[in-house]
Chemist: 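Encoded as structure tokens, here's the structure I'll be asking about.
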Amino acid sequence: MMANSMDTVNSNQPTQNGSKLQPCHNESKTNLIVNYLPQTMTQEEIRSLFSSVGEVESCKLIRDKVTVFPDHILNGQSLGYAFVNYHKAEDAEKAVNTLNGLRLQNKIIKVSYARPSSDAIKGANLYVSGLPKHMTQQELEKLFCPYGSIISSRILHENVNVGHLMQAGLEDQGGLQGPSRGVAFIRYDQRCEAEAAIRELNGTVPPGGTGPMTVKCANNPSNQNKALAPLAAYLAPASARRFIGPAGKALLAINKGLQRYSPLADPLIQGNALGGSGWCIFVYNIGADTEESILWQLFGPFGAVQSVKIIRDPATNKCKGYGFVTMTNYDEAVVAIQSLNGYSLNGQVLQVSFKTNKSKS
DNA sequence: CGACGGGACGC
DNA sequence: CGACGGGACGC
């Protein structure tokens, strides 16, 4: 089956692009990249696994970095991949042969040679928006493959409201994703390939599309944008605390004595661009003079709120009676909805539910 | 008495 | 189905 076109180019291949000199000590034959690791697997567990094949020189699990404040950087979640460098090339080869495709928990890991690190492979990840909603991953790759070797591609999808399934832990069984958001990532082998794709494709109308798409460099995944969103969750009352992991506890420790902090007043939260990855809640029957801060006050106590939006009449700037709140975590969103639906605000009874797709897309 | 933006950066 | 790095050569 060709379902998995995710890894279009296998990075095991001897670098066809490199008649260039390799780094002095020939790391390209000993250094491996391991993808699709289970979320919970630690660096030590990975090292242990790969040590079963041969002596490991180094092992590095890549983790998200969470910036709490400019002077507090914490290791966050595993990004699901790691680098394992062996002392001996033969051990690396054996690891590829014996560990690639190994099933660990619910994942099939991929073990392949790491491309030599260089500036040429940095910045090769593209963010694409404005794609037709019906475009498939195959069509997407066909559109982008003329400009270089595609390492991976991914179309982002809407969340789909199937809470009972998610709670049963079945979300990994596949098939539950919602419609395309018209947004995708394309990773090329080389930065220059990505740059060529931007030059050639940005602003053009994709096949089957009705308007121009945007093709640009993707943001660096581990940067400060994420910083304050987790903070809102960790400072929230008990409802959210149950879900805190080790990183959250560290955050809590750091934030002791910061009672003063209020997400309501924080422009980085109010104006954030995190929207789209969380659970969007429709809030109806709010008064004409309702402001964003009211929604923050209402929803903040239930957990991590990513964004808040009051819909206004552009002419009068008066609220049209509804707004949207995006929360990060499904469980917290459910509790917020259950708690706030029917709540009386300034004499009006709120109707609160997950957002539906009634818009004129 | 009316009823689901706009822009989107992956867990 | 799934995001291809890495602060540090320093007392």
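For the numbers below, each heavy atom of this structure counts, side chains included, while hydrogens, waters and symmetry mates do not. Protein chains get the first letters and strands the later ones, always in sequence-line order, with residue 1 at the start of each.
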Chemist: Looking only at side-chain atoms of A/A218, point me to the closest of B/dC4, B/dC9, C/dG5.
Modeler: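 For A/A218, the side-chain atoms sit closest to B/dC9.
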Chemist: Measure from the ring centre of A/F282 to the centre of the six-membered ring in the base of B/dA3, then say whether that distance is under 5.5 Å and the planes meet at under 30°.
Modeler: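 It does not: the two rings, one from A/F282 and one from B/dA3, miss the stacking criterion.
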Chemist: Would you mind telling me which residue lines up with the more 5' stretch of DNA chain C, A/I155 or A/S118, judged by nearest nucleotide?
Modeler: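 Its nucleotide being nearer the 5' end, the pick is A/I155.
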Chemist: Please confirm whether the ring centroid of A/F282 lies under 6.0 Å from the ring centroid of A/F324.
Modeler: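 Between A/F282 and A/F324, the centre distance is under 6.0 Å.
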Chemist: Would you say the base of C/dG5 stacks on A/F83 (centre-to-centre below 5.5 Å, plane angle below 30°)?
Modeler: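 A stacking contact exists, since A/F83 sits close and nearly parallel to the base ring of C/dG5.
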Chemist: As a test of reading the structure: which of C/dG5, B/dC11, C/dC1 is closest to the side chain of A/S117, going by heavy atoms?
Modeler: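 Nearest nucleotide to the side chain: C/dG5.
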Chemist: Base, sugar-phosphate, or nothing for A/F324, non-hydrogen atoms under 4.0 angstrom?
Modeler: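 Answer is base: heavy atoms of A/F324 come under 4.0 Å of a base.
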Chemist: Look at A/K60 and C/dC4 and indicate whether a side-chain polar atom (N or O) is within less than 4.0 Å of OP1 or OP2.
Modeler: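 Indeed not, no polar side-chain atom of A/K60 lies that close.
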Chemist: Could you tell me the separation between the CZ atom of A/R191 and the P atom of C/dC4, rounded to a whole number of Å?
Modeler: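 In whole Å, C/dC4 P and A/R191 CZ are 17 Å from each other.
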Chemist: A/L140 has an atom CG; how far is it from atom C1' of B/dG10, in whole Å?
Modeler: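 Distance check: A/L140 CG to B/dG10 C1' gives 14 Å.
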Chemist: Roughly, in whole Å, what's the span from CG in A/N35 to C1' in C/dC1?
Modeler: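 Value for this atom pair: 13 Å.
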Chemist: Tell whether A/N85 reaches the base of C/dG5 with its side chain through a donor-acceptor pair below 3.5 angstrom.
Modeler: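 Result: no qualifying N/O pair found.
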Chemist: Choose from C/dG6, C/dC4, B/dC4 the nucleotide whose nearest atom is closest to any side-chain atom of A/I151.
Modeler: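 Looking only at side-chain atoms, A/I151 lies closest to C/dC4.
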Chemist: Phosphate oxygens OP1/OP2 of C/dC4: is one of them under 4.0 Å from a side-chain N or O of A/S152?
Modeler: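 Answer yes for this pair, as a side-chain N or O of A/S152 is under 4.0 Å from OP1 or OP2.
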Chemist: Please check if any side-chain donor atom of A/T40 sits under 3.5 Å from a side-chain acceptor atom of A/Q105, or the reverse.
Modeler: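 A/T40 vs A/Q105: donor-acceptor pair found between side chains.
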Chemist: Taking the side chain as every heavy atom from C-beta outward, state whether A/V334 and A/F354 have any atom pair closer than 4.5 Å.
Modeler: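 They are in side-chain contact.
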Chemist: Output the rounded distance in Å from CD (A/E57) to P (C/dG5).
Modeler: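 It works out to 19 Å between those atoms.
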Chemist: Specify the separation, in whole Å, of atom NZ of A/K107 and atom C1' of B/dC11.
Modeler: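 Those two atoms, NZ and C1', are 9 Å apart.
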Chemist: Using the side-chain heavy atoms of A/D64, tell me which of these nucleotides is nearest: C/dG5, B/dC11, B/dA8.
Modeler: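 Among the listed nucleotides, the one closest to the side chain of A/D64 is B/dC11.
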Chemist: Will you find, in the side chains of A/N285 and A/Q351, an N or O donor that is under 3.5 Å from an N or O acceptor?
Modeler: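 No.
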Chemist: If you look at every heavy atom in A/I310 and A/C319, which pair is closest and at what distance?
Modeler: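 For A/I310 versus A/C319, the nearest heavy atoms are CG2-SG, 3.7 Å.
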Chemist: Among the candidates C/dG6, B/dA3, B/dA8, find the nucleotide nearest to the side-chain atoms of A/Q351.
Modeler: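 Comparing C/dG6, B/dA3, B/dA8 against the side chain of A/Q351, the answer is B/dA3.
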Chemist: If you take atom types as modelled and just measure distance, does the side chain of A/R115 reach the base of C/dC4 with a donor-acceptor pair under 3.5 Å?
Modeler: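 Check passes, donor-acceptor contact within cut-off.
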Chemist: Starting the side chain at C-beta, find the nucleotide from B/dC4, B/dC9, B/dC11 nearest to A/L156.
Modeler: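 Nearest nucleotide to the side chain: B/dC9.
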Chemist: Where the side chain of A/K133 is concerned, which of B/dC11, B/dA8, C/dG5 is the nearest nucleotide?
Modeler: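 Shortest atom-to-atom distance from the side chain points to B/dA8.
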Chemist: May I have the distance from A/Q306 (atom CD) to B/dC11 (atom C1'), rounded to whole angstrom?
Modeler: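 The answer, rounded to whole Å, is 12 Å.
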Chemist: May I ask you to evaluate whether A/R187 reaches the phosphate of C/dC4, defined as a side-chain N or O under 4.0 Å from OP1 or OP2?
Modeler: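 Yes, A/R187 has a side-chain N/O under 4.0 Å of OP1/OP2 on C/dC4.
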Chemist: Does A/I62 or A/L37 map to a spot on DNA chain C nearer the 5' end, using the closest nucleotide for each?
Modeler: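 Nearer the 5' end of the strand: A/L37.
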Chemist: Counting distance alone, no hydrogens or angles: does the base of B/dG10 have a donor or acceptor under 3.5 Å from a partner atom on the side chain of A/N125?
Modeler: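 By the distance-only test, yes, there is a pair.
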Chemist: Between B/dC11, B/dA8, B/dC4, which nucleotide gets closest to the side-chain atoms of A/V183?
Modeler: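 When the side chain of A/V183 is considered, B/dA8 is the closest of B/dC11, B/dA8, B/dC4.
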Chemist: Would you mind reading off the distance between A/K216 atom NZ and B/dG10 atom P, rounded to a whole angstrom?
Modeler: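 Answer to the nearest Å: 13 Å.
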Chemist: Take atom P in B/dG10 and the same atom in C/dG5, then report the distance between them in whole Å.
Modeler: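 My reading of the P atoms in B/dG10 and C/dG5 gives 15 Å.
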Chemist: Can you find a heavy atom in the side chain of A/F50 that is under 4.5 Å from one in the side chain of A/C59?
Modeler: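 SC-SC contact between A/F50 and A/C59 ruled out.
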Chemist: Base, sugar-phosphate, or nothing: which does A/I108 touch, judged by heavy atoms less than 4.0 Å apart?
Modeler: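 A/I108: base contact, heavy atoms under 4.0 Å.
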Chemist: Checking understanding here: a glycosidic angle within 90° of 0 is syn, the rest anti, so what is B/dG10?
Modeler: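 Anti, which is what one calls it when the glycosidic angle falls more than 90° from 0.
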Chemist: How far apart are the C-alpha atoms of A/V325 and A/F302, what are their side-chain angles, what is the distance that settles it, and do they pass the side-chain contact (heavy atoms from CB on, under 4.5 Å) test?
Modeler: CA-CA 12 Å; A/V325 174; A/F302 296 97; over 6 Å; no
Chemist: Expressed as a whole number of angstroms, how long is the span from A/N285:CG to B/dC4:P?
Modeler: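 Atom CG in A/N285 sits about 13 Å away from atom P in B/dC4.
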Chemist: Could you tell me how far C/dG6 sits from B/dC9 if I compare only their C1' atoms? Round to whole Å.
Modeler: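 These two C1' atoms come out 22 Å apart once rounded.
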